[in-house]
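In what follows, residues are counted from 1 in the order of the sequence shown. Every heavy atom of this structure was used, including side-chain atoms; hydrogens, water molecules and symmetry mates were not.
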Amino acid sequence: MTSFRPAPAWLSDAVFYQIYPQSFADSNGDGIGDFAGIAERLDHLAWLGVNTVWLNPCFVSPFRDAGYDVADYLNVAPRYGSNDDLAKLVEQAGRRGIRVLLDLVAGHTSDRHPWFTASADDPADHRYIWTPQGRPEGFVASPGSRPGAYLPNFFAFQPALNFGYARENPAEPWRQPVDAQGPRANREALRTIMDHWLGLGLSGFRVDMAASLVKDDPDKAETSRIWTELRHWLDRTHPDAVLLSEWGEPEVSVPAGFHTDFFLQFGGPSDGLALRSLWSNGSGTVNLDWDPLDCFFDPSGKGSPRPFVEAWRQASTALGSSGFISLPTANHDFSRLNCGPRSAEQLPVAFVFQLTWPTLPAIYYGDEIGMRYVPDLPDTEGSVLGPRYNRAGSRTPMQWDEGPNAGFSTSGHPYLPVDPDPGRPTVAAQRADDTSLLHLVRRLIALRTATPELGPDGSVEVVHAGYPFVHVRGGRYLVVVNPCQRPTSCPLGELRPGRPLEVRGVDTCDGTLTAEAFGYGVFELAP
């Protein structure tokens, strides 16, 4: 494993909070969230206890893919404010002990980016992957005077930046090696972009589709070398900054140079099975290529924690102390916890698991109050990826109070419709209710923050790998979760639960642990 500077000390205590900026808080009434709106809501985040915010892309963009089509990496989109507004947000967050990360789209740009418009007219420019003539499968015809076609990464309007090919192919003469002029220029550009924003006080980046750089790179060895090079540069120039990867295979991405990788709904040989086996109940965002499964956090009790635990154990063993794995509640591309048949009463047990397992937790905005995935929304800024995969349902406006648009905006036309359910949860209502999900999440974060054994470095021993799922953290704390709709039990063996720290519906007596439907418990173990 390549030797890197150890991760900044603050990272092991991170509780991530993902903000989709256009949907979080609108300060000027235009229907789109902005930096000033986020700044006005920082006290909510500080009260909740999160200490690291990740913003989805907020750069200049045509927004055909919600900002993942970047037209200018060094300036923010006017709809969010100015670069100075972002700097003010970072400063105000810092005063509350909250760091801010940006989303770096490293593998492609918008077809409106000046790099691409220039490349489309200049056959000598190799910032992108071009065929000199014809249009091979997967390529898009040149929009400029340059003959041939270019390779996109995802949508046709997202031309892939040229980081080279791992392997030559005489039948495809457009393949350039990773050390060619174009790939070298793009690696240098990534350093320039990161240096620019880190200089304004940002604390790092979550990197979009980090495994997508070098083409025909089956083991990701060449892509890994790029991130290794960038990590060494970061260690030298910005040693307190971090890189989080959207890769979904921590045992590859972290040795390559990332400080943290997420378990995702895709990634690795199992195509994201670890995360899906926990949360994905077949509703919301569904890729038709996924094999059907019964997830563990489902009332039927047909799922199993084993796919997740085994994937976590394999990854954490490979990582050792070199980096971290992050477990999200959801994200902008994947269903919220409150999705389809999963009801509000099933959410607390999921948070008890997420906030006590030895990963870095990532809370998707609104999940702390149980916002739901809203089905059947119109395609908005490229949200629809398939017949059952509409990402808009996870991107609806944050629900602050009972005011217009749930307190998100005074506009008559918000970015997306607010959840029409009259019983939708709000921050205001849950702040006023000590028994709410919001208060539970706050207490769990505080407990985790005050208890190193519940963090990513504390040991874990699985006592019962079923319903209920029972494990011991740091040799001192017993955690019990029962996502099932019926009572479940298991023997306690030699364990002697002592002081209850956070409990609902769990009883430990006569050597047996019994958990009611959707029950949970965190106990100190008796000496």
Let me see the working for E368 and H44 under side-chain hydrogen bond (donor to acceptor under 3.5 Å, both in side chains), right down to the final yes or no. CA-CA 11 Å; E368 73 271 26; H44 167 69; 2.9 Å; yes
Report the C-alpha distance between Y150 and D111 in whole Å, list the side-chain angles of each, state the deciding distance to 0.1 Å, and finish with yes or no for side-chain hydrogen bond (donor to acceptor under 3.5 Å, both in side chains). CA-CA 10 Å; Y150 67 90; D111 59 5; 4.7 Å; no
Assess the residue pair Y128 and T109 against the criterion (side-chain hydrogen bond (donor to acceptor under 3.5 Å, both in side chains)); give the C-alpha distance rounded to whole Å, side-chain angles, the decisive distance to 0.1 Å, and a yes or no. CA-CA 10 Å; Y128 299 86; T109 69; 2.9 Å; yes
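Heavy-atom contacts from other residues, nucleotides or ligands closer than 6.0 Å to CG of D376 number 12 or fewer. More than 12 heavy-atom neighbours from other residues, nucleotides or ligands sit within 6.0 angstrom of CD on E453.
In this structure, Y17 has its ring center at least 6.0 angstrom away from the ring center of W54. Taking the six-membered ring where the residue is Trp, the centroids of W357 and F263 are separated by 6.0 Å or more. Between F324 and H259, the gap from one ring centroid to the other reaches at least 6.0 Å. The aromatic ring centres of Y365 and H332 sit 6.0 Å or more apart.
Two residues are said to be in side-chain contact when any heavy atoms from C-beta on lie closer than 4.5 Å; F518 and P348 fail this criterion. The side-chain heavy atoms of N51 and R99, taken from C-beta on, include no pair separated by under 4.5 Å. You'll find the side chain of S224 reaches within 4.5 Å of the side chain of W247, heavy atoms only. When side chains are defined from C-beta on, L288 does not count as touching Y389, because their heavy atoms never get closer than 4.5 Å. Counting heavy atoms from C-beta outward, D261 and L244 have side chains that stay 4.5 Å or more apart. Residues F334 and Y364 form no side-chain contact, since every pair of their non-hydrogen atoms from C-beta on lies 4.5 Å or further apart. Counting only heavy atoms from C-beta outward, the side chains of P425 and Q399 approach each other to under 4.5 Å. Between T285 and D333 there is no side-chain heavy-atom pair separated by less than 4.5 Å.
Taking the charged nitrogens against the carboxylate oxygens, R64 and D69 have no contact shorter than 4.0 Å, which rules out a salt bridge. Salt bridge status for R175 with E172: present, with a side-chain N to carboxylate O gap under 4.0 Å. The pair R225-D217 fails the salt-bridge criterion, with no side-chain N (NZ, NE, NH1 or NH2) lying under 4.0 Å from an Asp/Glu carboxylate O. Using a 4.0 Å cut-off between charged side-chain N and carboxylate O, E381 and R79 make a salt bridge. Residues D298 and R342 are not paired through a salt bridge, judged by the lack of any N-O separation under 4.0 Å between the basic side chain and the carboxylate.
To the nearest 0.5 angstrom, L416 atom CG is 11.5 Å from N405 atom CG. Summarising the geometry, atom CG belonging to L48 is positioned 10.5 Å from atom CD1 belonging to I369; distances are rounded to the nearest 0.5 Å. Between atom CG of residue L45 and atom CD1 of residue I19 there is a gap of 5.0 Å, rounded to the nearest 0.5 Å. Summarising the geometry, atom OG1 belonging to T396 is positioned 10.0 Å from atom CZ belonging to R424; distances are rounded to the nearest 0.5 Å. Within the model, atoms CG of L190 and CE of M194 stand 5.5 Å from one another, a figure rounded to the nearest 0.5 Å. Rounding to the nearest 0.5 angstrom, the gap separating the CG atom in N162 from the CZ atom in R127 is 10.0 Å.
Residue C295 forms a side chain to side chain contact (heavy atoms under 4.5 Å, CB included) with just one option from L275, L278, N281, and that option is N281. Each of W312, F297, Y520 was checked for a ring-ring contact (aromatic ring centres under 6.0 Å, His included) with F353, and the lone residue meeting it is F297.
The shortest heavy-atom contact between A515 and P468 is CB-CB, 4.3 Å. The two atoms that bring F16 and S326 nearest to each other are CD1-OG, 3.7 Å, heavy atoms only. Scanning both residues, G340 and S283, for their nearest heavy atoms gives CA-OG, 3.4 Å.
One side chain, Q158 or D65, offers a donor N or O that lies under 3.5 Å from an acceptor on the other. Under 3.5 Å, the side chains of Y477 and T356 contain no donor-acceptor pair of N or O atoms. Inspection of the Y68 and D103 side chains reveals an N or O donor paired with an N or O acceptor under 3.5 Å. At a cut-off of 3.5 Å, with distance as the only test, no side-chain donor of N482 or E516 sits close to an acceptor on the other residue. Side-chain atoms of Y373 and R336 form no donor-acceptor pair, as typed in the model, at a separation below 3.5 Å.
With a 6.0 Å cutoff to the six-membered ring centre and a 45° limit on the axis angle, R231 counts as a cation-pi contact of F4.
Side chain of R206 to backbone of L243: no donor-acceptor contact under 3.5 angstrom is found. Distance alone, capped at 3.5 Å, is enough to place a donor-acceptor pair between the S277 side chain and the L273 backbone. In terms of modelled atom types and a separation under 3.5 Å, the side chain of R448 and the main chain of L454 share a donor-acceptor contact. Between the side chain of Q265 and the backbone N or O of S280 there is no donor-acceptor pair closer than 3.5 Å. Judged purely by atom type and a 3.5 angstrom limit, W279 uses its side chain to pair as donor or acceptor with the backbone of P328. In this structure, the side chain of S245 does not engage the main chain of F258 through any donor-acceptor pair within 3.5 Å. D294 places no side-chain N or O within donor-acceptor distance of the main-chain N or O of K302, the cut-off being under 3.5 Å. A distance-only check finds no donor-acceptor pair linking the side chain of S110 to the backbone of S61 [under 3.5 Å]. Side-chain N or O atoms of K215 include one that pairs as donor or acceptor with a backbone N or O of S212 at under 3.5 Å.
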